[in-house]
Amino acid sequence: MATDSQIAAHKISSVNPATGEVLRELDCTGDVEVCAAVERARAAQTGWAELGLKRRLAVLGEFQQKLHSRKSEIAAAITREAGKPVAEALVTEVLVVLDSARFLLDNAFALLSDEPLPHGNLVAKLKTGCLVRQSHGVIGIISPWNYPFSIPATETLAALVAGNAVVLKPSELTPLVALELASLLHAAGVPQDVFQVVVGEGPAGSALVRSPIDKLVFTGSVNTGKRIAAAAAERLLPVVLELGGKDPILVLDDADVDVASSAAVWGAFVNAGQTCLSVERCYVHRRLYEKFAEACADKAKKLRVGNGMDANTDVGPMIHERQVRVVESHIEDAKARGARILAGGSRLHELGSNFYAPTVLAEVTHDMRIMREETFGPALPIMPFDDDEEAVRLANDSEYGLAASIFTRDSDRGERLSRRIHAGTVMVNDVISCFGISEAPHGGVKASGVGRTHGRFGLEEMVRLKYIDTEQMPGMKKVWWYGYGEAFHRQMGGFLDLQFAQRLSTRVHGALRAAGTVLRKRL
Ligand code: NAD
């Protein structure tokens with residue numbers, strides 16, 4: 001007979017982080033059921049792929065309409081389960097997904113169509129090449145709780161448009177939002193088995209990694225990402241890993257202090273600091289440092305912390321008390337090593353167990369955990385620098401490389417400096433918002449991950465690239481086939497001279513290319 005703890009382990013509770021109210025209890029999907037879901041997805045995927053891109057895009061259009069008409073209801077569901085203010089749920093989740101659908105509707109035909117690939121090898125000039133993009137089959141998606149709608153939805157839409165089926169394992173903290181996504185997709189016409197949600201904690205995710213999926217898109221922490229990469233390596237499962245960040249913002253000596261401090265405050269405290277692209281480290285030119293830190297502290301103190309359902313709330317709760325403890329430990333460590341608290345610095349017990357005050361710290365150093373580890377909470381540590389060289393060195397002194405920001409009145413200077421920052425994205429005079437540009441690839445370097453989601457490069461992750469190489473003169477043997485000897489050497493030597501001898505190259509090459517084209521047209 002099962003013990004109480006075994007029974008408990010097979011259920012998860014969705015809890016409102018602002019109030020502690022249990023929203024719903026759900027049964028976890030077991031290993032066997034995860035595999036069965038993947039098998040059903042595989043059986044259904046062929047029909048979905050054969051439907052063709054035009055009809056899949058029609059379903060996407062329907063999804064976009066349905067999401068648009070239910071936008072407020074979906075935003076409220078996100079706030080109830082993840083805590084963020086409704087305004088943020090609308091802008092950073094619903095709007096991002098609507099725009100991602102818009103991007104696919106506008107571009108998927110061009111990006112997924114067959115693509116002739118001209119080539120310049122004279123010896124093989126009568127062969128034509130074509131790139132064909134085909135679905136992988138079943139894509140597994142494992143997602144976190146911090147953007148419970150926009151992260152799995154943008155990945156899912158790209159996967160589905162490319163003809164794949166999807167099995168999603170959402171965070172155990174936000175399963176209800178994933179079920180809302182499923183209901184929208186199914187209502188729009190995506191067959192039940194083509195998009196399925198499996199529910200549970202880590203073990204349900206690792207069951208999905210072990211199941212016969214064809215590719216995995218994982219978003220979450222570096223530690224889980226490493227475990228998944230190791231498991232995927234065992235079976236050479238291709239993976240995209242969107243992992244953590246410790247994003248820096250550089251405020252150069254010519255920056256507008258008011259604009260840059262507002263950006264830093266929003267970037268550090270939006271979603272209670274629980275954004276992979278959060279401003280986690282702030283470096284300010286020494287000339288502006290005092291004024292900037294003061295402005296950040298003033299603005300942080302004015303933020304209204306509370307239940308995200310209240311339209312006047314700026315900062316909601318953190319997702320879970322254990323996440324509050326991480327923030328607390330980073331701030332205590334910083335204080336013990338000499339950091340100065342300019343705003344916040346403590347829990348807000350009167351609001352509930354998951355609330356922490358927006359906190360601004362000065363006199364921080366790279367010896368402190370708050371400047372090295374992902375804090376993932378409402379903390380803004382600020383440190384001075386003396387010149388651009390030092391700013392770049394400090395920004396790059398991190399194991400992470402997701403995104404970074406540079407504030408300057410001189411955009412050209414910002415762009416020049418951005419090339420020297422080790423990150424997947426650098427924003428000049430903005431923070432975080434690159435995630436909402438559907439054309440822009442999202443992803444990191446170093447420990448922040450492998451591969452990309454969003455835009456053209458995110459769509460490319462959802463397809464297998466096949467090169468089709470066709471000889472246009474089927475009756476002709478190739479000159480490089482057997483028959484080696486003196487004559488062969490002379491002939492091949494002649495070809496090499498034609499193509500690569502410097503004096504001949506450009507003109508001869510052009511003439512031969514033209515001749516090849518004429519010949520192919522005649523065949
Ligand atoms: P997490 O790694 O704890 O969990 C992420 C998902 O993995 C969850 O669904 C979880 O159930 C599942 N999981 C846990 N153990 C697993 C295992 N052994 N095998 C398979 N799946 C497993 O991360 P989290 O706390 O949910 O999310 C916060 C982290 O995600 C932060 O580090 C944040 O920076 C990162 N994140 C990154 C991006 C990005 O785009 N780079 C976006 C959002 C969040």
Side-chain angles (χ1 to χ4, degrees), residues 12 14 17 26 28-29 31 34 81-82 84 92-93 96 140-155 167-175 177-178 197-211 213 216-232 234 237 239-247 270-280 318-320 322-324 326-327 373-377 398-403 423-425 432 434-436 440-455 458 461:
I12 52 168
S14 162
L26 295 100
C28 294
T29 318
D31 283 25
V34 169
E81 202 176 33
K84 64 189 68 185
T92 66
E93 303 248 26
V96 167
I141 296 179
I142 299 180
S143 57
W145 46 265
N146 63 332
Y147 286 84
F149 190 66
S150 59
I151 288 175
T154 52
E155 295 167 357
V167 177
L168 165 67
K169 206 300 279 175
S171 168
E172 57 276 24
L173 299 174
T174 52
V177 172
V197 176
V198 294
V199 169
E201 299 176 318
S206 67
L208 187 59
V209 179
R210 289 192 310 273
S211 76
I213 51 172
L216 179 75
V217 181
F218 170 78
T219 309
S221 63
V222 173
N223 282 343
T224 312
K226 283 180 181 168
R227 276 204 291 278
I228 284 179
E234 282 294 311
L237 175 71
V239 287
V240 173
L241 299 172
E242 295 284 4
L243 308 179
K246 189 76 193 164
D247 292 359
V270 65
N271 198 20
Q274 304 165 113
T275 302
C276 56
L277 298 162
S278 280
V279 170
E280 288 244 343
M318 300 193 63
I319 190 75
H320 200 284
R322 67 172 172 267
Q323 201 64 37
V324 183
V326 174
V327 176
E373 299 171 27
E374 192 179 36
T375 307
F376 225 53
S398 171
E399 66 169 302
Y400 295 99
L402 194 53
T425 301
I432 299 181
C434 58
F435 192 76
H442 173 67
V445 298
K446 301 197 275 187
S448 291
V450 176
R452 293 292 181 266
T453 55
H454 293 194
E461 297 278 6

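Remember, it's 1-based here, ligands and their atoms both numbered in the order they're listed. FYI, side chains are in, hydrogens and waters are out, and symmetry mates aren't considered; it's all heavy atoms of this structure.
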Practice task
Look at ligand 1 and say whether Phe218 reaches it with a heavy atom at a distance under 4.0 Å.
Solution key: yes

Handout entry: Heavy-atom nearest option to atom 14 (C) of ligand 1, drawn from Leu173, Leu208, Val240, Thr224
Key = Thr224

Exercise for the section: Would you check if there is a donor-acceptor pair between the side chains of Glu155 and Ser143 at a distance under 3.5 Å? Expected result: no

Exercise for the section: Please state whether Ser171 comes within less than 4.0 angstrom of ligand 1, counting heavy atoms only. Expected result: yes

Fill in the blank from the handout: Contact region, Ser143 to ligand 1, non-hydrogen atoms below 4.0 Å, reads backbone

Completion exercise
Counting from 1 in the order shown, the ligand 1 atoms closer than 4.0 Å to a non-hydrogen atom of Asn146 are 43 (C), 44 (C)

Practice task
Answer yes when Glu280 and Lys246 have at least one side-chain N-carboxylate O distance shorter than 4.0 Å, and no when they do not.
Solution key: yes

Handout entry: Residue selection (non-hydrogen contact nearest atom 30 (O) of ligand 1) among Gly220, Gly225, Ala403
Key = Gly220

Problem - Pro170 vs Val177 side-chain heavy atoms within contact, under 4.5 Å - result: no

Practice task
Find out whether Thr154 and Thr453 are in side-chain contact, i.e. whether some heavy atom of one side chain is under 4.5 Å from a heavy atom of the other.
Solution key: no

Practice task
Answer whether the closest heavy-atom distance between the side chains of Ile432 and Asp247 falls below 4.5 Å.
Solution key: no

Problem - Note, Leu277 side chain near Leu402 side chain (heavy atom, < 4.5 Å) - result: yes

Problem - Protein contact of atom 37 (C) of ligand 1 - nearest heavy atom, named by residue and atom, plus distance - result: Leu243 O, 3.1 Å

Problem - Close approach, Trp145 and ligand 1, non-hydrogen under 4.0 angstrom - result: yes

Handout entry: Main-chain N/O of Gly273 paired to Ser278 side chain as donor or acceptor, under 3.5 Å
Key = yes

Problem - Region of Ile228 that comes within reach of ligand 1 [heavy atoms, distance under 4.0 Å] - result: side chain

Exercise for the section: Check whether any side-chain heavy atom of Asp31 sits under 4.5 Å from a side-chain heavy atom of Arg210, and report yes or no. Expected result: yes

Exercise for the section: Please tell me if the side chains of Thr275 and Tyr147 come closer than 4.5 Å, counting only heavy atoms from C-beta onward. Expected result: yes

Exercise for the section: Decide yes or no on side-chain contact (heavy atoms from CB on, under 4.5 Å) for Phe435 and Thr425, but give the supporting numbers first. Expected result: CA-CA 10 Å; Phe435 192 76; Thr425 301; over 6 Å; no

Practice task
Find all atoms of ligand 1 within a distance of less than 4.0 Å from any non-hydrogen atom belonging to Glu201, and give their numbers and elements.
Solution key: 11 (O)

Exercise for the section: Tell me which part of Tyr147 gets within contact of ligand 1: side chain, backbone, both or neither, using heavy atoms under 4.0 Å. Expected result: neither

Problem - Side-chain heavy-atom pair Pro144, Gln274 within 4.5 angstrom cut-off - result: no

Problem - Identity of the nearest option to atom 6 (C) of ligand 1, non-hydrogen atoms only, from Ile142, Leu216, Ile141 - result: Ile142

Completion exercise
A student checking ligand 1 against Pro170 at a 4.0 Å heavy-atom cut-off should list atoms 9 (O)

Exercise for the section: Taking the side chain as every heavy atom from C-beta outward, state whether Ile151 and Asn146 have any atom pair closer than 4.5 Å. Expected result: yes

Practice task
Among all protein heavy atoms, pick out the one at the shortest distance from atom 27 (O) of ligand 1; state its residue, atom name and that distance to 0.1 Å.
Solution key: Pro144 CB, 3.3 Å

Practice task
Specify whether the nearest protein heavy atom to atom 32 (O) of ligand 1 is under 4.0 angstrom away.
Solution key: yes

Practice task
Heavy-atom contacts with Ile151 under 4.0 Å: which atoms of ligand 1 show up? List them by number with element.
Solution key: 42 (C), 43 (C)

Problem - Ligand-side contact atoms (ligand 1) for residue partner Gly205, heavy atom cut-off under 4.0 Å - result: 19 (N), 20 (C), 21 (N)

Exercise for the section: Identify, for atom 40 (O) of ligand 1, the protein heavy atom at the shortest distance, and state residue, atom and that distance. Expected result: His442 NE2, 2.7 Å

Exercise for the section: Find the distance between CD1 (Ile142) and OG (Ser206) and round it off to the nearest 0.5 Å. Expected result: 8.0 Å

Exercise for the section: For the pair Phe376 and Trp145, name the ring-plane relationship: parallel under 30°, tilted 30 to 60°, perpendicular over 60°. Expected result: perpendicular

Completion exercise
Looking only at protein heavy atoms, what sits closest to atom 18 (N) of ligand 1 is Arg227 NE, 3.7 Å

Fill in the blank from the handout: In this structure, atom 28 (C) of ligand 1 is nearest to the protein heavy atom Phe376 CE2, 3.7 Å

Handout entry: Numbered atoms of ligand 1 (with element) below 4.0 Å of Gly202, judged on heavy atoms
Key = 11 (O), 13 (N), 14 (C), 15 (N), 16 (C), 17 (C), 19 (N), 20 (C), 21 (N), 22 (C)

Exercise for the section: Examine the proximity of ligand 1 to Ala204 and report which part, side chain or backbone, both or neither, has a heavy atom under 4.0 Å away. Expected result: neither

Handout entry: Distance from atom 23 (O) of ligand 1 to nearest protein heavy atom, with residue and atom
Key = Ser221 N, 3.4 Å

Practice task
Identify the protein heavy atom lying closest to atom 34 (O) of ligand 1, giving its residue, its atom name and the separation to 0.1 Å.
Solution key: Glu374 OE2, 2.5 Å

Exercise for the section: Any atoms of ligand 1 less than 4.0 Å from a non-hydrogen atom of Thr219? List them with their elements. Expected result: 5 (C), 37 (C), 38 (C), 39 (C), 40 (O), 42 (C), 43 (C)

Problem - Donor-acceptor contact present, side-chain Gln323 to main-chain His320, <3.5 Å - result: no

Problem - Sub-4.0 Å heavy-atom contact, Ser448 with ligand 1 - result: no

Handout entry: side-chain contact (heavy atoms from CB on, under 4.5 Å) evaluation trace for Phe218 with Val450
Key = CA-CA 10 Å; Phe218 170 78; Val450 176; over 6 Å; no

Handout entry: Spatial distance of atom CG (Leu173) from atom CD1 (Ile12) [nearest 0.5 Å]
Key = 8.0 Å

Practice task
Heavy-atom distances under 4.0 Å are what count here, so tell me which part of Asn223 touches ligand 1: side chain, backbone, both or neither.
Solution key: neither

Exercise for the section: Output the list of atoms in ligand 1 that are nearer than 4.0 Å to some heavy atom of Leu402, sorted by atom number. Expected result: 41 (N)

Exercise for the section: Give a yes/no on ligand 1: does Gln274 have at least one heavy atom closer than 4.0 angstrom to it? Expected result: no

Completion exercise
of all protein heavy atoms, closest to atom 36 (N) of ligand 1 is Cys276 CB, 3.7 Å

